[in-house]
Every structure is written in structure tokens, then in C-alpha cells.
Amino acid sequence: MTTFYTVINWLLVFGYWLLIAGVTLRVLMKRRAVPSAMAWLLIIYILPLVGIITYLLFGELNLGKRRAERAKAMWPSTANWMRDLKQCKRIFATENSEVARSLFKLCELRQGMGGLKGNQLQLLTGTEDTLKALIKDIGLAQTNIEMVFYIWQAGGLVDQVAEALMAAARRGVRCRIMLDSAGSVAFFRSPYPAMMRNAGVEVVETLHVSLLRVFLRRMDLRQHRKMVLIDNYISYTGSMNMVDPRYFKQDAGVGQWIDLMARMEGPVTTAMGIIYSCDWEIETGQRVLPPPPDVNIMPFEQATGHTIQVIASGPGFPEGMIHQALLTSIYSSRRQLIMTTPYLVPSDDLLHAICTAAQRGVDVHIVVPRHNDSMLVGWASRAFFAELLEAGVNIHQFEGGLLHTKSVLVDEQLSLVGTVNLDMRSLWLNFEITLVIDDDDFGSDLARVQEDYIARSRLIDPQVWAKRPYWQRIVERLFYFFSPLL
């Protein structure tokens with residue numbers, strides 16, 4: 001009997017180390033950044049069983065077998081659609097400013113589509129104005145309305161959006177909504193899904209969270225886009241979820257969320273439509289390709305027209321595209337670089353690019369919220385402050401609420417606005433969208449918004465920051481260790 005237990009013990013020990021070795025090999029064989037790989041290996045070795053389970057749950061970009069097959073199957077038809085779209089040469093821009101040229105070329109070669117001209121573009125800086133404009137556009141819709149949001153929470157003007165949407169469906173407009181399962185969990189527990197479906201609105205819960213499938217698909221892979229498409233001509237995107245900030249997370253202690261949205265008319269909506277089409281097919285298996293744009297309706301084709309490129313990320317889209325876009329835009333800066341983000345946990349490459357910009361004389365400003373709704377990200381962000389401040393970067397802590405706007409402005413000419421946070425989750429994992437605008441008028445508008453943010457912020461003094469308590473430095477370094485995984 002003693003021999004039997006000895007053999008069992010040795011088999012358990014052997015199996016344990018074999019499991020460790022197998023997961024270690026899996027971590028090393030996956031193409032990932034070295035800091036991320038090292039962080040995972042340390043977690044696995046320090047907390048073996050917990051670390052292994054955590055890695056199997058969150059360590060790899062696993063979309064799930066069915067969705068992965070759909071993502072692969074959709075590309076032939078999508079490629080044909082994009083090839084046909086290129087025949088509409090009139091909608092594509094042929095020239096870009098010097099600061100934007102490299103980025104637009106990168107996007108064209110990697111995504112297969114150039115920048116689109118002839119767009120009307122309006123910057124909406126207030127949630128109330130955005131929701132009222134959206135309600136009006138929904139009320140005038142004639143053929144179709146598509147939406148995708150990470151969070152939809154009832155209350156305030158959002159209820160009027162829902163009512164307008166249901167009214168549109170009743171009068172024959174095809175309405176489709178995709179909402180993230182985790183972000184919109186409160187919505188799916190409310191009466192609204194049933195009410196909308198009864199009215200004729202197609203409501204889809206994307207990336208459904210299920211404990212029964214935790215090892216079959218990565219549960220923290222989220223649909224983080226915020227898009228509205230109306231009649232294949234009007235579109236919205238930006239940082240705003242479908243929430244009224246007066247009724248959203250009032251007990252979080254961070255103040256109201258501050259967001260920015262762009263309302264567009266013109267061919268850019270077609271590019272956003274193919275992104276929505278891909279997301280819809282990945283989630284439902286249904287192929288609904290958007291119609292080509294009406295090239296005769298380009299009201300802002302000449303001097304006042306905006307040239308816009310749309311970048312999409314996530315499984316099935318060009319890998320690391322938004323990360324590359326950010327690096328390209330930062331390295332193209334010559335005079336000024338302003339960035340706003342609620343979550344600042346950059347990759348080593350991004351951190352180096354930002355510091356290098358400041359060190360070569362670019363006036364660099366980063367605006368982040370003083371109080372964050374995520375304690376982990378808040379501490380991890382502060383771990384980067386010392387290096388940024390030492391390089392000459394100006395860091396502003398916004399005190400007027402939770403600054404949720406994601407924006408980059410280069411030399412008041414090249415603008416990036418959308419859903420992407422400066423953290424590893426947005427850059428490498430989630431479904432995200434970013435607009436790239438090459439236009440000095442829009443750049444001036446965005447600059448005024450960012451200047452308002454800075455005016456409502458507190459500038460961090462490098463000397464004062466260097467004297468912060470030692471315990472804070474320890475906590476910062478602890479969370480810095482987990483930064484590649486946040």
C-alpha cells in the first residue's frame with residue numbers, strides 16, 4: 001500500500017510539472033510582447049494552479065470555434081465588396097497633408113481601402129446634444145438603422161432613443177442592435193430587450209458570457225465599438241456609450257462621464273457599414289453587406305470636405321492595426337501632440353514613442369482623469385508617470401468628472417478619435433474603432449475641446465511627484481507588473 005501511495009504521489013508531482021511545462025511552452029510559442037509573456041510566466045510560477053487557470057481563461061485571444069469560422073468565411077465576400085467599392089474612385093482622397101501621409105498609406109495598404117473624402121463632420125462634445133441629434137436622425141430614418149454599443153443603460157434621454165428606435169421599426173425601418181453581453185448586462189435584465197423585439201427591432205447580445213464556455217472562448221474579449229449607422233449615409237462614433245451620464249454610475253464617486261462623439265454624413269458611413277456587416281456576421285452568421293455609397297451625394301466634396309480613414313480592430317481584422325496607427329501618428333508629430341484617455345497603460349513601444357516625441361522637442365500633453373472608475377488601471381497608470389515626466393511630457397489630471405474621451409491630435413492637423421483606450425486590452429484584444437481625420441479645421445475644433453479639458457485639469461509637478469510617499473511607489477510597481485495583462 002505504501003508503494004501504491006508513493007507511485008500516486010510521484011505521478012501527481014510529474015503531472016503537475018508536466019502541466020507547468022506545457023503551459024510554459026504554450027506561452028512561449030504564442031506571438032506576444034516579451035513583457036506580457038514574462039508577466040504570464042511569473043504569475044504561473046508564483047501562483048501555479050491559479051496562474052494556469054487564469055492563463056487558460058484570459059491568456060490567449062480565443063474568439064471561439066464558431067465565430068472564428070465565421071470570421072474566416074466572411075472575408076472572400078468582404079474582399080469582393082471592397083474591390084467593387086474601389087471602382088467608385090471619386091470618393092477616395094488622392095492627397096494628404098505631410099503629417100498624415102504615412103498613416104493614411106499604412107491604413108490603405110493594410111486594410112485595402114484609402115481615405116474617403118467628401119464627408120460632413122460635426123464634433124459633439126455634450127452627451128445631451130449627442131442624444132438629441134441622434135433622436136432627431138432616428139426620427140427621420142427611412143430604410144435602416146444599425147447600432148453597436150458596449151454599454152446600453154436605460155434612463156434619461158436614452159429612453160427617448162429607445163422609443164424613437166421602436167417607432168422607426170414600427171414604420172418599416174429595419175433596425176439592428178448589437179450590445180456587448182458584459183457591458184450591457186443591466187439592459188438585458190430589463191424589460192427593454194423584449195419591448196424592442198416586439199416592436200420589430202433586432203437585438204443581439206454579442207459575445208455572450210457563460211460559465212459553461214469559459215475554457216472555450218476568452219470571456220474578457222469584448223465588443224467595445226460605439227457606432228450608429230442611419231440610411232447608409234449618416235453615422236456616429238466616438239467614446240460615448242448609450243448612457244445618460246446623469247443616470248449612469250452615480251455611486252462610483254468619479255463624477256459624470258465626459259465623452260466626445262463625431263456625427264458624419266457621406267461616404268465614410270459606407271466604410272463603417274462594412275465593419276458593422278463583419279461584426280454582425282461573426283455574431284449571427286447572417287451576411288448583410290451594405291450597399292455602395294451614392295457617389296452623387298457628396299455635399300462637402302470641395303474645400304470644406306473632410307478626409308476620413310476608418311480603422312477597425314479585433315479578431316478577424318488586421319492585427320495590431322490601431323497600435324501601429326498610434327505609433328505612426330506619434331512619430332509623425334513635429335510641433336505638438338495632445339492625447340486624452342481614461343486608461344493610460346501603454347505598451348513599451350507606445351511609451352517609448354511618447355517619451356521620444358517629448359525628448360525631440362515636441363510639446364506633448366496627456367490628459368487623464370484624476371479619479372478613475374478602475375482602481376487597478378488607476379494605479380497602473382500612475383506607474384508610468386515618472387518616466388513620462390522625466391522625458392518632459394506634461395500630464396494633466398482632469399477634475400471635472402471621469403474624462404472618457406479617447407483622442408489624439410498631432411500638430412493640429414491629424415486627429416484620431418474613437419473607442420480606443422491607451423491600454424493593452426483596447427490595443428490588442430477588443431473590437432474597437434478609430435477615425436483618422438486629416439483636416440486642420442477639424443483639428444482646430446478638437447484642439448479647443450482638449451484645451452478646455454486641460455483648463456479643467458491639474459498639471460502634475462515633476463518635483464512634487466518625485467516626493468510622493470514610498471508606499472505609493474510600491475503599489476504602483478505592483479500594478480505595473482500586471483500592466484501587460486490589463
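If you're wondering where the values come from, they're calculated on a predicted model, not measured in any experiment.
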Other residues, nucleotides and ligands only: do more than 12 of their heavy atoms fall within 6.0 Å of [atom1] on [X]?
X	atom1	value
Gln472	CD	yes
Glu399	CD	yes
Arg189	CZ	no

salt_bridge([X], [Y]) N-O dist < 4.0 Å:
X	Y	value
Arg456	Asp452	yes
Arg176	Glu146	yes
Asp129	Lys132	no

Would you check if there is a donor-acceptor pair between the side chains of [Y] and [X] at a distance under 3.5 Å?
X	Y	result
Glu432	Thr419	yes
Asp259	His404	yes
Arg110	Gln324	yes

TODO: Run the numbers on Gln153 and Val158 for side-chain contact (heavy atoms from CB on, under 4.5 Å), then give the verdict.
DONE: CA-CA 7 Å; Gln153 180 166 306; Val158 172; over 6 Å; no

Hey, does the side chain of [X] reach the backbone of [Y] with a donor-acceptor pair shorter than 3.5 angstrom?
X	Y	result
Arg370	Gly400	no
Arg468	Arg473	no
Asn430	Gln223	no
Asp231	Thr143	yes
Glu283	Leu207	yes
Gln142	Ile230	no
Asn421	Ser426	no
Ser381	Leu344	yes
Asn119	His306	yes
Ser235	Leu229	no

Distance-minimising heavy-atom pair for [X] and [Y]:
X	Y	answer
Ile322	Val420	CD1-CG2, 3.4 Å
Arg246	Gly156	NH2-CA, 4.4 Å
Ala169	Cys175	N-SG, 3.9 Å
Gly443	Ser415	CA-OG, 3.8 Å
Ala262	Met264	O-CE, 3.8 Å
Val161	Ile138	CG1-CD1, 4.0 Å

- [ ] Would you sort out whether Gln413 and Asp438 count as a side-chain contact (heavy atoms from CB on, under 4.5 Å), showing the intermediate values?
- [x] CA-CA 6 Å; Gln413 172 70 37; Asp438 181 19; 2.7 Å; yes

- [ ] Could you go through the side-chain contact (heavy atoms from CB on, under 4.5 Å) check for Asp445 and Leu121 one step at a time?
- [x] CA-CA 11 Å; Asp445 291 342; Leu121 180 57; over 6 Å; no

Open item on the list: Please evaluate residues Val368 and Leu403 with respect to the criterion side-chain contact (heavy atoms from CB on, under 4.5 Å), reporting the C-alpha separation (whole Å), side-chain torsions for both, the decisive distance (0.1 Å), and the verdict.
Closed with: CA-CA 7 Å; Val368 296; Leu403 182 63; over 6 Å; no

Does the side chain of [X] reach to within under 4.5 Å of the side chain of [Y], using non-hydrogen atoms?
X	Y	answer
Val408	Leu337	yes
Phe384	Glu476	no
Ile282	Met178	no
Glu128	Pro245	no
Phe248	Ile151	yes
Pro290	Trp81	yes

TODO: Using the six-membered ring wherever Trp is involved, compare the ring planes of Phe149 and Trp152 and label them parallel, tilted or perpendicular (cut-offs 30° and 60°).
DONE: perpendicular

- [ ] Describe, in one word, how the ring planes of Trp465 and Phe385 are oriented to each other, choosing from parallel (under 30°), tilted (30 to 60°) and perpendicular (over 60°).
- [x] tilted

TODO: Using the test side chain to side chain donor-acceptor pair (under 3.5 Å), find all partners of Arg263 that sit at least two apart in sequence or belong to another chain.
DONE: Asp137, Tyr236, Glu265

